[in-house]
Protein chains: 2
Amino acid sequence: MATLEDVARLSGVTKSTVSNVISGKAAVREKTRSRVMAAIDELDYHPNLAARGLKKGKTLLFAVLVPTLQNPFYAKVMDVITQAALDHSYHVILCTTNRDLRLAHQHLQELSSRSIDGLIVMSIGTEFAQMLNSIPKDLPVVIGDWQGETYNVPHLPVIDIDFHTAGLIAANTLLDLGHRRIGVILEQPAHLKRLGGFLSGMTQRHITIPPGLIRAADPTLHSGYTQALELLQNEQRPTAIFATNDLMAIGVLEAATQLGINVPQNLSIIGIDDIEETSYTRIPLTTIALPKVAYGMTLVEHLLHTIEHPERQDANTILMRPRLITRASTGPNL
Amino acid sequence: MATLEDVARLSGVTKSTVSNVISGKAAVREKTRSRVMAAIDELDYHPNLAARGLKKGKTLLFAVLVPTLQNPFYAKVMDVITQAALDHSYHVILCTTNRDLRLAHQHLQELSSRSIDGLIVMSIGTEFAQMLNSIPKDLPVVIGDWQGETYNVPHLPVIDIDFHTAGLIAANTLLDLGHRRIGVILEQPAHLKRLGGFLSGMTQRHITIPPGLIRAADPTLHSGYTQALELLQNEQRPTAIFATNDLMAIGVLEAATQLGINVPQNLSIIGIDDIEETSYTRIPLTTIALPKVAYGMTLVEHLLHTIEHPERQDANTILMRPRLITRASTGPNL
DNA sequence: ATGAAAGCGCTAACAG
DNA sequence: CTGTTAGCGCTTTCAT
């Protein structure tokens with residue numbers, strides 16, 4: 001690899017001048033400028049960011065801690081984050097924790113030797129709070145979708161998705177369609193905020209959901225299917241089912257198909273997330289879309305902002321609002 | 001952040017001695033050693049890898065170019081790669097290309113300023129071959145699942161998954177069960193190798209598949225569903241369907257359910273990939289598992305090996321073998 | 001066994 | 001406008 005020195009020698013100036021040409025900070029005579037540019041071209045010179053980083057204390061590199069990419073939500077968000085980073089000439093170091101505190105620590109440990117400009121930590125809760133203390137206080141950090149009950153635990157900015165509102169929207173959508181007997185398929189404990197929003201929507205309209213209609217499930221298609229079968233074979237079966245994520249909602253649709261129940265005539269189904277598959281099922285699913293793109297972009301923008309203005313590191317919470325997408329799986333309660 | 005200098009001062013020695021303690025390369029008297037260690041502890045010193053990298057020319061950092069994380073295959077492989085990297089004290093820079101040549105170029109461009117130790121490029125074909133030329137020849141590179149027809153294009157090591165064999169296994173499995181009239185749902189052009197293997201299996205047993213039974217699809221559940229509906233409403237419908245990935249196979253299952261066709265009694269279904277969902281469908285799907293974990297690990301190990309022994313950079317191809325997983329969706333042709 | 005000094009590639013005053 | 005100088009944090013001869 002060619003260095004600044006090489007370019008300087010070839011164009012008959014010093015490193016400083018070449019540096020000036022590149023940064024554009026100081027004025028350079030047009031003639032020398034073009035000579036330098038020619039040399040840069042000829043040598044195919046690329047500045048060494050590690051060296052620059054050493055000098056300036058900025059590496060144009062940040063890290064992202066994420067539980068797993070196997071959840072389509074995180075996969076999509078990571079795609080967005082790397083893209084947004086590239087747009088700002090940043091690169092991202094990917095660290096998957098598998099929700100394992102030890103792995104997370106190990107990553108943080110190794111990262112502490114790495115001069116990164118910032119860190120995004122996605123989807124952790126109170127049990128990780130202690131870990132956050134081991135992060136140097138001068139490293140810009142933003143938390144993505146904090147899983148704790150309250151937001152006052154870390155004194156760090158949090159970009160969250162308003163899962164409570166997502167649940168509320170689900171409730172209102174079904175209530176507005178005239179449904180009163182509504183089943184819920186819930187991932188425990190990850191989706192308790194969604195359930196909270198849903199139940200508060202119900203309470204506002206003075207509807208109570210019998211406990212038997214709320215069923216715990218794993219966040220898989222199959223688990224949604226199994227739980228839905230049980231709900232639907234109940235003597236007093238619900239006229240609508242709210243699944244706290246789309247994968248389970250697809251399972252519900254399968255169960256309905258299996259039992260010969262028409263959707264949406266005899267059963268409305270609503271999910272949360274808006275994963276790609278929901279538009280591709282036989283009956284496209286109504287769902288509450290999580291703003292994955294906006295979320296990823298905001299994470300990056302917020303982080304870069306903090307990196308550039310470390311003086312006013314705010315520790316507020318930004319709630320990204322989800323949005324109803326009406327498709328074919330919901331209809332009026334006949 | 002504390003520096004070597006700080007540690008040296010606190011322990012009353014020079015930087016060189018501290019460096020020796022850390023690297024363990026030169027002998028250090030036990031007494032000074034422990035004094036240095038104490039200082040390291042007290043100051044919570046972490047070596048600055050950027051500085052070390054500048055000096056030694058090794059950053060313990062490599063980059064991975066991958067089309068998208070939204071395909072569960074890549075998501076899984078990336079999880080494996082980051083994990084394997086961490087085990088060797090490496091970190092990985094994630095670059096998603098979205099199969100866009102321009103984006104790929106942009107990433108490579110930015111990466112050329114980054115002193116990375118190596119590069120993994122996943123899932124590219126001949127159209128990207130030119131791009132590979134713009135990679136500095138002294139940068140260790142390994143290609144993951146090369147999409148080109150032949151392997152002689154890049155003079156770089158290739159770790160590939162033996163998709164041809166995967167297709168062959170599908171063919172043999174169905175033939176052994178007595179199926180003769182077999183439909184194929186194929187992603188074009190990504191899965192042509194799989195089709196090739198399948199057809200060669202058929203040819204070996206002197207079975208010909210009428211062109212009408214091979215249907216092009218997108219790699220989505222819905223597309224599999226649609227194409228399967230058409231195949232199954234044919235007057236002479238197939239007794240088995242081979243879908244070139246699991247998502248489409250799930251769609252086939254849905255179509256069968258919809259038409260009241262029993263699986264596997266009246267229709268066998270086989271897919272490729274072994275994504276998580278295939279074990280969770282109503283009828284768990286028989287599939288040909290791609291060795292994602294072994295694949296990811298091999299990529300990393302091969303890369304690190306090349307980094308450590310740049311002198312004998314081999315340019316061979318390693319084919320990772322897929323493996324049949326028999327579940328409930330296949331049965332004898334009655 | 002430890003220290004002194006040079007240098008990896010770059011930027012940032014400061015001089016001229 | 002351009003050159004000189006110093007130094008970011010580390011490793012590595014080479015002396016001592």
Side-chain angles (χ1 to χ4, degrees), chain A residues 1-37 39-40 43-61 89 110-117 136 138-139, chain B residues 1-37 39-40 43-61 89 110-117 136 138-139:
Chain A
M1 287 281 300
T3 73
L4 247 202
E5 183 81 59
D6 299 332
V7 175
R9 198 166 24 226
L10 180 59
S11 42
V13 294
T14 59
K15 296 188 292 173
S16 338
T17 305
V18 179
S19 181
N20 282 334
V21 168
I22 291 173
S23 69
K25 279 185 181 165
V28 175
R29 215 191 323 158
E30 177 51 31
K31 202 172 127 205
T32 46
R33 211 192 76 88
S34 62
R35 213 143 31 92
V36 168
M37 289 306 265
I40 287 179
L43 296 175
D44 189 33
Y45 166 75
H46 294 270
N48 179 327
L49 290 188
R52 181 182 289 172
L54 190 55
K55 183 71 194 175
K56 308 220 303 179
K58 290 252 162 297
T59 53
L60 302 186
L61 210 52
S89 300
E110 306 269 345
L111 281 177
S112 67
S113 289
R114 209 65 79 184
S115 346
I116 50 175
D117 292 351
D138 55 344
L139 179 69
Chain B
M1 286 284 297
T3 74
L4 247 202
E5 183 80 60
D6 299 331
V7 176
R9 196 164 26 222
L10 180 59
S11 43
V13 294
T14 58
K15 296 189 290 174
S16 334
T17 306
V18 179
S19 182
N20 282 335
V21 168
I22 292 174
S23 69
K25 279 184 181 164
V28 175
R29 213 190 326 156
E30 178 51 31
K31 202 173 125 203
T32 47
R33 212 193 75 88
S34 62
R35 214 145 29 97
V36 168
M37 290 306 266
I40 287 179
L43 296 174
D44 189 34
Y45 166 75
H46 295 268
N48 180 327
L49 290 187
R52 181 182 290 173
L54 189 56
K55 185 70 196 178
K56 308 220 303 180
K58 289 254 163 298
T59 52
L60 302 187
L61 210 52
S89 299
E110 306 268 346
L111 281 177
S112 67
S113 290
R114 263 308 152 208
S115 344
I116 50 176
D117 292 351
D138 54 345
L139 179 69

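Reminder, nothing fancy here: chain letters follow the sequence lines and each chain counts from 1. Please read all numbers here as calculations on a predicted model, not as lab measurements.
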Set out, line by line, the N/O atom pairs under 3.5 Å between protein and nucleotides 2-4 of chain D.
from  : atom 1 : to      : atom 2 : distance (Å)
D:dT2 : OP1    : A:Arg29 : NH2    : 3.2
D:dT2 : OP1    : A:Thr32 : OG1    : 3.1
D:dT2 : OP2    : A:Arg29 : N      : 3.0
D:dT2 : OP2    : A:Thr32 : OG1    : 2.9
D:dG3 : OP2    : A:Thr14 : N      : 3.0
D:dG3 : OP2    : A:Thr14 : OG1    : 3.3
D:dG3 : OP2    : A:Thr17 : OG1    : 2.9
D:dT4 : O4     : A:Ser16 : OG     : 2.8

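With sequence neighbours left out, B:Ser19 forms a side-chain contact (heavy atoms from CB on, under 4.5 Å) with B:Leu4. For B:Leu10, the side-chain contact (heavy atoms from CB on, under 4.5 Å) partners are B:Ala39, B:Glu42, B:Leu43, not counting sequence neighbours. Shown here are the side-chain contact (heavy atoms from CB on, under 4.5 Å) partners of A:Lys58, two or more places apart in sequence or in another chain: A:Asp117, A:Ile307. A search for side-chain contact (heavy atoms from CB on, under 4.5 Å) contacts involving A:Ser16 returns A:Thr14, not counting sequence neighbours. Shown here are the side-chain hydrogen bond (donor to acceptor under 3.5 Å, both in side chains) partners of B:Arg52, two or more places apart in sequence or in another chain: there are none. The side-chain hydrogen bond (donor to acceptor under 3.5 Å, both in side chains) search around A:Ser112 returns B:His46, not counting sequence neighbours. Scored by the side-chain hydrogen bond (donor to acceptor under 3.5 Å, both in side chains) test, A:Ser115 finds B:Asn48 as partners (sequence neighbours excluded).
Other residues, nucleotides and ligands contribute only 12 or fewer heavy atoms inside 6.0 Å of the CE atom of A:Met37.
A:Ile40 places a side-chain heavy atom less than 4.5 Å from the side chain of A:Ile22. For the pair B:Leu61/A:Leu61, a side-chain contact is recorded, criterion being any heavy-atom separation below 4.5 Å from C-beta on. Two residues are said to be in side-chain contact when any heavy atoms from C-beta on lie closer than 4.5 Å; B:Glu110 and A:Leu60 fail this criterion.
Sorted by first and then second residue, the side-chain hydrogen bond (donor to acceptor under 3.5 Å, both in side chains) pairs involving residues 22-32 of chain A (not counting sequence neighbours) are A:Glu30-A:Arg33.
Between the OG1 atom of B:Thr59 and the CG atom of B:Leu49 there is a distance of 8.5 Å, given to the nearest 0.5 Å.
End-to-end axis angle for the helix from C:dA1-D:dT16 to C:dG16-D:dC1, using five pairs per end and rounding to 10°, comes out at 40°.
In this structure, B:Lys25 atom NZ and D:dT11 atom P are separated by 9 Å, rounded to whole Å. The distance from atom CG of B:Leu4 to atom P of D:dC8 is 13 Å, rounded to the nearest whole Å.
Residues from residues 47-56 of chain B placing a heavy atom under 4.0 Å of any atom in DNA chain D, listed by number, are B:Pro47, B:Asn48, B:Ala51, B:Arg52, B:Lys55, B:Lys56.
Within the 4.0 angstrom heavy-atom criterion, only backbone atoms of the sugar-phosphate kind lie near A:Thr3; the bases stay farther away.
In summary, contact between chain A and DNA chain C, defined as any nucleotide atom under 4.0 Å from a heavy atom of the protein, begins and ends at C:dG9 to C:dA12 in the 5' to 3' direction.
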